[in-house]
Student: 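One structure coming up, written as structure tokens, with questions to follow.
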Amino acid sequence: MTISTGERTKLLIDCDPGHDDAVAILVGHRHFDLLAITTTHGNSSLENTTRNALAVLELAGIADVQAAKGAASPLVGATHHAQHVHGKSGLDGHDLPLPSLQPVPDHAIDVIIETARAHQGELILAVIGPATNIALALRKEPRLAGWVKEVTVMGGSGGGGNMTAAAEFNAYCDPEALAAVMTAGWPLRMVGVDVTRTVGIDAANIEILRASGKRTAGVIADLLSFYMSRQTERTGLTHAPMHDACALIPLLDPDAMTYRETRVDVELTGTYTRGMTVCDFRGSPVKNPNARVAVVPNQQRLVGVMMDTVLSYP
Ligand code: BDR
Ligand code: CA
């Protein structure tokens, strides 16, 4: 593994924890200079995702990362949650204690804008839930697109969805917001569910986490057991897919993922295809490219980093 050392990349994670978000937060804190976490509706209500984000920080003993609450609903249309995958709390499988950490009083939109303003040209924005907060931040401060070094999105798909036949969950939950993010003109990479569903922590690895005797790894093992069984029931997957961490690790380990530069547009109107990310893979020259889209994951490297990371916490 060639995770770079030296000065750590500045990172803000916009998320909706969520089991895979929880692992992504641990990866973000361990390997990046994680400046802030902002929360959104998505896997569960905003109240739940915010509580879960704080509970994960507290579990791992992370006290130096501010968390800010964001949007409770999408720009347009109904709000959707993924109780069928992540349970009633959004993080079922272990009764985490109510966190004593509190979110900062500022809205997520302002935290995103101010963090990017303070670290112009240095900040990576990881968008691993519905993109509502980022779209609202762009609307409030259009210069944001020029301040951010790169955006990395877990969302959409290079082919086939998980929420509908065509649409991935994060994209489906707020297609208008994702469209704004995709067309903002900033450097952007996207990893879709067609790729991330193939990268996961399986029963053998869950046992390794449990047997480690570490508190954090033990709780993550319980959480992932629940999440994996939901995945198995619904989709036949025999691992707990780690969608969100796949948006982070390739920033540190270029050999973890192969990307293709392409044009991605988000379908906003289709009766059967709303929320679909239409990726133009027809070949070169690519017309009006706006993203590097993940096409081939290195599962072993990605899962290796996730496992080492979880095991590195007390
Ligand atoms: C995405 O949807 C959520 O359920 C996961 O946390 C991930 O961000 C996968 O489609
Ligand atoms: Ca997520």
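From a predicted model like this one, the values you see are computed outputs, not experimental measurements. In each ligand, atom 1 is the first atom listed, and ligand 1 is the first ligand listed.
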Student: For Val278, what are the other residues in its hydrophobic cluster, where any two members join if their side-chain heavy atoms are less than 4.5 angstrom apart?
Tutor: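 Val278 clusters with Met276.
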Student: Does the distance from a Lys or Arg side-chain N to an Asp or Glu carboxylate O, for Asp222 and Arg210, drop under 4.0 Å?
Tutor: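 Judged by the 4.0 Å cut-off on N to carboxylate O distance, Asp222 and Arg210 do form a salt bridge.
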Student: Quick one: give me the number of protein N/O/S atoms under 3.0 Å from the Ca ion (ligand 2).
Tutor: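 Atoms of protein N, O or S type lying less than 3.0 Å from the Ca ion (ligand 2) total 5.
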Student: Taking the six-membered ring of Tyr259 as reference, does the NZ or CZ atom of Arg189 fall below 6.0 Å from its centre and within a 45° cone about the axis?
Tutor: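 Verdict for Tyr259: a cation-pi partner in Arg189.
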Student: Identify whether the distance between the nearest side-chain nitrogen and carboxylate oxygen of Asp308 and Arg30 falls below 4.0 Å.
Tutor: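 Between Arg30 and Asp308 there is no salt bridge, as every charged N stays at least 4.0 Å from the carboxylate O atoms.
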Student: Which side-chain hydrogen bond (donor to acceptor under 3.5 Å, both in side chains) pairs, counting each pair once, include a residue from residues 54-65, with sequence neighbours left out?
Tutor: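 Only Glu58-Ser100 qualify under side-chain hydrogen bond (donor to acceptor under 3.5 Å, both in side chains).
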Student: Within this structure, what is the CG-OG1 distance for the pair Asp14 and Thr38, rounded to the nearest 0.5 Å?
Tutor: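 It comes to 3.5 Å.
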Student: Does the ring center of His19 lie less than 6.0 Å from the ring center of Phe226?
Tutor: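 Close enough - the centres of the two rings lie under 6.0 Å apart.
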Student: At less than 4.0 angstrom from any atom of ligand 1, which residues have a non-hydrogen atom? List them by chain and residue number.
Tutor: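 Within the 4.0 Å shell of ligand 1, which is judged on heavy atoms, sit Asp20, Asp21, Asn43, His86, Ile128, Met154, Asn162, Glu168, Phe169, Asn170, His243, Asp244.
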Student: Return the orientation label for the His80 and Tyr172 ring planes: parallel under 30°, perpendicular over 60°, tilted otherwise.
Tutor: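 Judged by the thresholds at 30° and 60°, the geometry between His80 and Tyr172 is tilted.
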Student: Please work out which of the three classes, parallel, tilted or perpendicular, describes the rings of Tyr227 and His86, given edges at 30° and 60°.
Tutor: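 Answer is parallel, since the angle falls under 30°.
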